[in-house]
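Presented below is the structure to which this report refers.
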Amino acid sequence: MIFPEPMMTDQIQRFLFERTNVRGEIVTLERAYGEVLERHGYPPAVNRLLGELLAAVALLTDTVKLDGILSIEVRGQGALSLLMAESNPGGELRAIARLAEDTSLPEGEAAFRELVGEGHIVITLDPREGNRYQGIVALDHDSLAGCLEAYFSQSEQLPTQLWLRADGERAGGLLLQRLPDESQNQDEDAWERTVQLAKTLQTDELLGLEQRELLHRLYHEETVRVFEPKALRFGCTCSRERIGEALLTLGAEELRNVLAEQGEIETQCHFCHTHYRFGESEVEALLHEQGGAAPTLH
Ligand SMILES: [Zn+2]
């Protein structure tokens with residue numbers, strides 16, 4: 001395929017079909033995906049799944065119109081024990097994978113369920129204002145998209161279909177959703193028809209075509225209204241404060257043991273690999289703030 005100009009990637013585009021209650025989102029990621037992958041040395045099968053998860057987290061965030069942090073965690077008992085992607089309101093995405101120790105990944109084009117095994121997906125919506133919401137679905141579909149569709153029917157009770165693809169260089173996703181409001185719907189077949197057309201989508205189309213071109217190719221007989229695309233990029237939300245809070249979960253005794261042995265606590269963010277160092281006085285200040293507990297000497 002030849003592209004005369006650099007393709008517009010790293011953006012999400014909302015659209016709807018006029019006079020129906022069907023809406024959609026399309027996302028394409030390249031730089032943000034590359035920046036996640038270059039920080040780690042995951043095997044190709046993991047890189048593909050991480051791409052799908054990044055596309056999914058972007059689609060979900062825009063679909064639920066969340067002003068906050070949304071994360072999707074795939075927790076399995078297979079060779080891939082954790083896969084996590086997170087978005088924040090600035091259009092920033094980050095992701096990480098964790099491989100189980102002492103296991104080897106299946107060779108070649110390993111399927112989703114082969115990698116993750118039994119387990120579940122936890123979806124957390126943490127709005128800037130209001131309560132945190134968590135939804136859980138079992139890993140009982142053959143693809144990540146299938147599991148997330150189950151989440152939508154359970155938690156949001158909205159018929160939703162998702163297509164996710166990634167090849168290690170680009171990640172793409174398409175989401176269609178039927179809204180509950182039937183009063184605006186003048187086209188009873190719209191949902192079935194738009195889903196059937198989306199099922200003809202090829203991986204190279206989703207990853208290689210401009211978003212508007214892809215919508216035209218699939219839906220040139222429909223009246224599609226597209227909205228302004230939103231830019232997405234890699235970004236990490238780690239900070240000294242958040243890393244400090246995470247350290248406290250190790251407990252005072254463990255922290256003081258490390259300080260006694262090493263003089264300081266050195267740690268790094270798993271997502272972006274930024275190093276953080278905490279000296280004794282800083283750790284004691286954190287412990288003091290946490291519980292007001294008086295430092296004990298060993
Ligand atoms: Zn970070």
Side-chain angles (χ1 to χ4, degrees), residues 8-17 21-33 35-36 50-74 83-96 121-137 144-145 147-162 164 171-181 184 211 225-246 269-272 274:
M8 291 293 290
T9 57
D10 297 275
Q11 62 177 22
I12 186 161
Q13 169 98 60
R14 186 179 294 181
F15 60 91
L16 57 80
F17 298 96
N21 57 350
V22 181
R23 58 178 298 285
E25 304 266 357
I26 183 165
V27 65
T28 326
L29 299 168
E30 183 174 292
R31 277 187 304 274
Y33 181 30
E35 285 199 50
V36 167
L50 262 189
E52 291 190 13
L53 195 65
L54 277 168
V57 86
L59 291 172
L60 259 68
T61 304
D62 220 53
T63 299
V64 301
K65 297 191 175 79
L66 180 75
D67 183 22
I69 293 173
L70 187 147
S71 71
I72 307 177
E73 283 173 70
V74 182
L83 203 60
M84 181 192 177
E86 191 185 84
S87 68
N88 69 49
E92 292 179 331
L93 308 172
R94 61 180 194 167
I96 194 175
I121 297 183
V122 182
I123 294 163
T124 308
L125 282 68
D126 196 355
R128 265 202 269 232
E129 282 170 35
N131 293 330
R132 210 166 102 116
Y133 167 82
Q134 214 161 46
I136 298 180
V137 278
L144 177 62
C147 295
L148 294 173
E149 285 165 1
Y151 164 79
F152 273 103
S153 57
Q154 268 178 39
S155 302
E156 310 267 325
Q157 301 192 336
L158 291 176
T160 305
Q161 295 273 303
L162 272 163
L164 301 169
L174 174 70
L175 177 148
L176 292 179
Q177 191 167 62
R178 187 169 66 180
L179 299 173
D181 180 11
Q184 299 296 314
Q211 294 175 348
R225 192 202 307 175
V226 293
F227 295 82
E228 271 297 297
K230 259 192 255 172
L232 300 168
R233 64 189 160 275
F234 170 78
C236 196
T237 44
C238 67
S239 64
R240 272 198 95 67
E241 198 185 350
R242 286 182 78 173
I243 298 282
E245 279 170 24
C269 170
H270 296 303
F271 289 92
C272 68
T274 300

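Just so you know, residue 1 is the first one in the sequence shown, and it goes up from there. A quick note: this is a predicted structure, and the numbers were derived from the prediction, not measured. Any value given below was found using the heavy atoms of this structure, including those in side chains, with hydrogens, waters and symmetry copies removed.
- Paired with Glu25 under the rule salt bridge (charged side-chain N to carboxylate O under 4.0 Å, His left out), one option of Arg14, Lys65, Lys230 passes, and it is Arg14.
- Every salt bridge (charged side-chain N to carboxylate O under 4.0 Å, His left out) that Arg240 has, sequence neighbours left out, goes to Glu282.
- Ala58 and Leu232 get closest at one heavy-atom pair: CB-CD1, 3.9 Å.
- The side chain to side chain contact (heavy atoms under 4.5 Å, CB included) check on Asn131 picks up nothing, with sequence neighbours excluded.
- If you run side chain to side chain contact (heavy atoms under 4.5 Å, CB included) between Leu93 and each of Val27, Val57, Asn88, only Val57 comes through.
- Nearest heavy-atom pair, Ala171 versus Gly51, reported as atom, atom and distance to 0.1 Å: CB-O, 3.3 Å.
- Although no hydrogens or angles enter the test, the distance criterion places no donor-acceptor pair under 3.5 Å between the side chain of Arg233 and the main chain of Arg31.
- Tested against Leu60, the residues Leu66, Leu125, Leu70 include a single side chain to side chain contact (heavy atoms under 4.5 Å, CB included) partner, Leu70.
- Contacts of Glu52 classified as side-chain hydrogen bond (donor to acceptor under 3.5 Å, both in side chains), with partners at least two apart in sequence or in another chain: none.
- Ala55 and Leu164 make their closest contact through CB-CD2, 4.1 Å (heavy atoms, listed as atom of the first residue, atom of the second, distance).
- Taking CD1 from Ile96 and SG from Cys236, the interatomic distance works out to 9.0 Å, rounded to the nearest 0.5 Å.
- With values rounded to the nearest 0.5 angstrom, Leu162 atom CG is found 5.5 Å from Glu149 atom CD.
- Across all non-hydrogen atoms, the minimal contact from Ala95 to Val36 is O-CG1, 3.7 Å.
- Put simply, CG on Leu148 and CD on Gln161 are 12.0 Å apart, with the number rounded to the nearest 0.5 Å.
- In the model, Thr28 has a side-chain atom that pairs as donor or acceptor with a side-chain atom of Gln211 under 3.5 Å.
- Ala32 pairs by the side chain to side chain contact (heavy atoms under 4.5 Å, CB included) definition with Asp10, Leu29, Phe234, not counting sequence neighbours.
- No side-chain heavy atom of Pro229 sits less than 4.5 Å from a side-chain heavy atom of Met8.
- Scanning for salt bridge (charged side-chain N to carboxylate O under 4.0 Å, His left out) contacts around Asp126 gives an empty result, with sequence neighbours left out.
- Under 3.5 Å, the side chains of Thr9 and Tyr33 contain no donor-acceptor pair of N or O atoms.
- Nearest heavy atom pair, residue Gly235 against residue Arg94, reads O-CB, 3.5 Å.
- Expressed to the nearest 0.5 Å, how far CG of Leu59 lies from CD1 of Ile12 amounts to 5.0 Å.
- By the side chain to side chain contact (heavy atoms under 4.5 Å, CB included) test, Gln177 pairs with Arg23, Thr63, Phe152, Leu158, Thr160, Leu175, Leu179, sequence neighbours left out.
- When all heavy atoms of Leu176 and Phe17 are compared, the closest pair comes out as CD2-CE1, 4.0 Å.
- Side-chain contact between Tyr151 and Val122 is absent, with no heavy atoms from C-beta onward closer than 4.5 Å.
- Once rounded to the nearest 0.5 Å, the distance linking CG of Asp62 with CD1 of Ile26 reads 12.5 Å.
- From Gln134, atom CD reaches atom OG of Ser71 across 7.5 Å, with rounding to the nearest 0.5 Å.
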